[in-house]
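See structure below.
In what follows, every chain begins at residue 1, and chains take the letters A, B, ... in the order their sequences are listed. As the structure is a computational prediction, the values presented were derived from the model and not from experiment.
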Amino acid sequence: MNADVVVESVSKRFGDVVAVDGVSFDVYRGEIFTLLGPSGCGKTTTLRIIAGLERPDRGRVYIGGKDVTDLPPQKRDVCLVFQEYAVFPHMSVYENIAFGLKIRRISPSDVGKRVSEVAEVLELTEHLEKRAGRVGLSEQQKIALARCMVVEPRVLLLDEPLTLVDARTREKMRRELREIQRKIGITMLYVTHDQLEALMLSDRIAVMSKGKLVQVGTPIEIYDNPQSLFVAQFIGSPTMNFIEGVLRKYGGSFILESGNFRIPLDDVAKLYNLENLMDREVVIGFRPEDGSIDAKGAVEGSVEVIEVVGDRLALHVRVFRDVVLKVYTTIYDDVVIGSKVRLSVNPNKVHVFDKISGRKPLPTGVGHGIP
Amino acid sequence: MAFLKLEGISKKYNDRFALDNITLSVEKGEILSIAGPPGSGKTTLLKIIAGLVKPTSGRVYVEGTDITETPPYLRGFSMVFETPPVYPDRTGYENIAFPLRLRKLPEDEVRKRVYEVAELLAIKHILSRKPSTYSGGEYQRVALARALVTSPKLLLLDEPFRNLDAKIREHMVVWFKQLQAKLGITIVYATHDPLEAFTIGNRAAILLNGRVKQYGLPANILRNPLSHDVDEFISIPALNTFKVRFRSMDDEVLIQLNSITIRKRAKLNTENGEGEAIATVRPMDISVSRSPGEGTVAGRVELIQYLGANILATVRVGDLSIRVVVPKDAVIREGEDIYLSLDPARIRLYETSSGRRLDVVV
């Protein structure tokens, strides 16, 4: 596949702080690639290095196959859409969009043609004559986007463009952004700290933590097959269920010892090579949707909190003194706080992590439900 | 008798109703959530309960006693705002002890109460630290501790977790609900997030443009919104909303959505036997299959968005764009032809002009 952006072993320090630490990845042509991580993980610095606003201490950046590490921003064939849309409120929407072309000295007839083409794609045509300060946030974001699109860069860079809008508009804009990208097929490199946004928008996600890239994959891979405890905890809302304990083997059977409880892990042992974790502290985890209320389930607990999550209910069930597990029911199910339920878990969807290193043991290669 | 009762509360600012004839009650030990978008009047309502704002008309009762004219400091309530003021130069201990010091309580009593509440809110570790060292969650808990330390009769919370990061907020909401079981205190909790309101509240009121549009058990509001604006406000991910034509026949309604005909068992709460209406259906209430079946509608998947546990798909059916939610392991791809089935029982009808609910289950 064609890589529009190649980041090769890039590092950047600010004083004593290593902001970006040996990061490498490729962004393929026509995909939305997202850098995701909590604040301070190095995602924005990485984006700024690609844009040419920061110089890396080490490593190279290639755009369209060309080494651009030493080139200024305007010679890199990229355009950056900022968090604050930087729309000129007193200028018309048309003038705002044309702005980037005029400073590039494109002929007026070409300017008109490009602006109307882009406005058409972004459904801004009816707003072109309005003052930019008079249109809604969703339109302002499109103006910022349009201003980049008319320049026809190889790659669009977006730095948390949706953080300033309310939840309802955000949902709409996430859909629109993806629709637009599908329509024009441009390569987008997107930065966000919001895991749901990354899942909803991206073709692929790179999760960053403490300056390092910790996992790259499609949304479903990142969500359903996290390679570390960090990714497992960071992705998903409500969060994954976790149970901590010590891994033991009794008479050939794997057991998680958690307080006074013993949880059999033989099904999990079919998926992962657990020998190296023997007698170590481990964390097992599963997503709420991979467990269920089941009259024949192995553990019993009482419903402590009923959390309404969109169109489902997450039941928080206390199964041991220190362990609360979440499972979903529909909003049409009758559940009351305090009621007793039994739970079962799909063993193919249970994850194991070394508590200290946070790493996942190697798979045995037997069907893990990952596409 | 209800612990707190609001009767016909209205508040006018310059001829504009900020609150319009609000009647609500809260039982002792219950949480009443008030959910509404910014500007809907939540904060004004809390301030009227606290006594910080005088209503233009209407009365406030506590255990049957009219307190409308009682000044705030004699009401024995506590209030926590979205951005609670915590003194930056004082330790956690001093911040929490502050309202007790104002009451000139003896030092050993102050100490006892501060430790009790810190234990309950799991913040003993920050008692000797200053606010600049707190995490967002700790900061809100200190503010909450300060409100609780006086053992108020009623706690008023105005979006207490709004400024927290999504992840921490989710944790705090669940934590707070667990805490309430131990506190047993009566709470009015305002939030812009209907899901948070439903999770926290024993009962919830939906406040839109200064009016209570629906009030009751969270499960009932969630399953059975009574007006289109409530349905839109509480449904996440966003609803499918369609213009339809209907025809009413005995215990059945024929719903015509473009070329799709749906038969729904229901009576209509209108004199008109036929006409136009708004129909809504949640993305979760539409199921998807790869082969046609009875009553299915053919469509093409235009867009796929992963939500984690689920996938949100936008499906093109003729002129319509329909959003559906399918489980994460459903194999569904952009550009693929699929078949939708809309469960008639989950389709709601609203009057176009007023937005009021039309269909009644038979």
Side-chain angles (χ1 to χ4, degrees), chain A residues 38-39 166-168 171-172 174-176 178-179 182 193-196 198-202 205 218-220 222-224 233-240 287-290 304-314 316 318 324 326 328 330-338 346 349 369 371, chain B residues 37-38 165-167 169-171 173-181 192-202 204 218-219 221-224 232-239 282-285 302-312 314 321 323 325 327-329 331 334-335 345-346:
Chain A
S39 60
D166 63 278
R168 180 78 51 197
E171 190 188 322
K172 180 170 163 257
R174 280 176 191 150
R175 188 170 60 247
E176 287 176 349
R178 211 175 144 85
E179 278 169 356
R182 283 291 179 271
H193 69 280
D194 182 331
Q195 55 91 27
L196 180 60
L199 291 175
M200 288 183 79
L201 267 174
S202 317
I205 298 169
T218 62
I220 192 81
I222 296 279
Y223 179 83
D224 240 13
Q233 286 168 331
F234 188 69
I235 306 290
S237 171
T239 42
M240 189 183 271
R287 298 259 177 223
E289 67 274 16
D290 295 324
E304 205 166 78
V305 174
I306 302 171
E307 185 186 2
V308 182
V309 237
D311 38 22
R312 285 160 299 150
L313 306 178
H316 293 241
R318 190 167 294 275
V324 175
K326 288 154 280 183
Y328 293 128
T330 77
I331 60 168
Y332 305 106
D333 294 313
D334 282 307
V335 201
V336 285
I337 289 176
N346 176 355
K349 298 280 191 170
Chain B
D165 176 80
K167 208 93 198 174
R169 191 169 124 203
E170 175 200 325
H171 171 79
V173 166
V174 171
W175 168 84
F176 184 73
K177 185 67 185 171
Q178 289 165 328
L179 176 72
Q180 193 244 347
H192 70 285
D193 179 349
L195 305 184
E196 190 176 311
F198 293 149
T199 300
I200 295 254
N202 302 91
I221 302 177
L222 205 59
R223 291 176 198 176
N224 199 19
E232 289 277 357
F233 177 62
I234 65 172
S235 298
I236 296 167
L239 276 178
R282 291 200 171 102
M284 190 75 167
D285 290 332
E302 277 194 332
L303 201 68
I304 293 280
Q305 294 180 287
Y306 291 93
L307 301 172
N310 294 311
I311 300 169
L312 176 64
T314 307
S321 178
R323 288 189 298 283
V325 163
K328 68 180 178 189
D329 38 22
V331 182
E334 287 174 1
R346 302 275 188 249

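- Between L195(B) and I236(B) there is a side-chain heavy-atom pair separated by less than 4.5 Å.
- Using a 4.5 Å cut-off between heavy atoms, E334(B) contacts chain A through its side chain alone, with no backbone atom that close.
- Looking at P288(A), neither its backbone nor its side chain comes within 4.5 Å of chain B, counting heavy atoms on both sides.
- Proximity to chain A (any heavy atom under 4.5 Å) is restricted, for S235(B), to the backbone atoms N, CA, C and O.
- Side-chain contact annotation: D285(B) with Y332(A), donor-acceptor N/O pair under 3.5 Å present.
- With a 4.5 Å cut-off on non-hydrogen atoms, I306(A) touches chain B through its backbone but not through its side chain.
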request  = With side-chain contact (heavy atoms from CB on, under 4.5 Å) as the test, would you mind laying out the steps for N310(B) and K328(B) before giving the verdict?
outcome  = CA-CA 4 Å; N310(B) 294 311; K328(B) 68 180 178 189; 6.0 Å; no
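- Residues P237(B) and V325(B) are in side-chain contact: their nearest non-hydrogen atoms beyond the backbone lie under 4.5 Å apart.
- Note on E179(A), Q195(A), R287(A): by heavy-atom pairs under 4.5 Å with chain B, the leading option is E179(A).
- In this structure, chain A has heavy atoms under 4.5 Å from both the backbone and the side chain of L307(B).
- The part of R182(A) that comes within reach of chain B is its side chain, from C-beta onward, which places non-hydrogen atoms under 4.5 angstrom from that chain.
- Of the two parts of Q180(B), neither the backbone nor the side chain holds a non-hydrogen atom closer than 4.5 Å to a non-hydrogen atom of chain A.
- Of the atoms belonging to Y328(A), it is side-chain heavy atoms, and not backbone ones, that fall under 4.5 Å from chain B.
- When heavy atoms are compared at a cutoff of 4.5 Å, A309(B) approaches chain A by way of both its backbone and its side chain.
- Of the two parts of I304(B), only the backbone, made up of N, CA, C and O, holds a non-hydrogen atom closer than 4.5 Å to a non-hydrogen atom of chain A.
- Residue contact with chain B, scored on non-hydrogen atoms closer than 4.5 Å, is absent for D194(A).
- For F233(B), the part lying near chain A is the backbone, with the side chain staying farther off; criterion is any non-hydrogen pair under 4.5 Å.
- Of the atoms belonging to D193(B), not a single heavy atom falls under 4.5 Å from chain A.
- The main-chain N or O of I200(B) is found under 3.5 Å from a side-chain atom of K177(B) such that the two form a donor-acceptor pair.
- Side-chain atoms of M284(B) and R312(A), non-hydrogen and from C-beta on, do get closer than 4.5 Å to each other.
- Between chain B and the options I222(A), T239(A), V324(A), V309(A), the largest number of non-hydrogen pairs under 4.5 Å is found for T239(A).
- Interface check for chain B: of the options E307(A), H316(A), R174(A), the most heavy-atom pairs under 4.5 Å are formed by E307(A).
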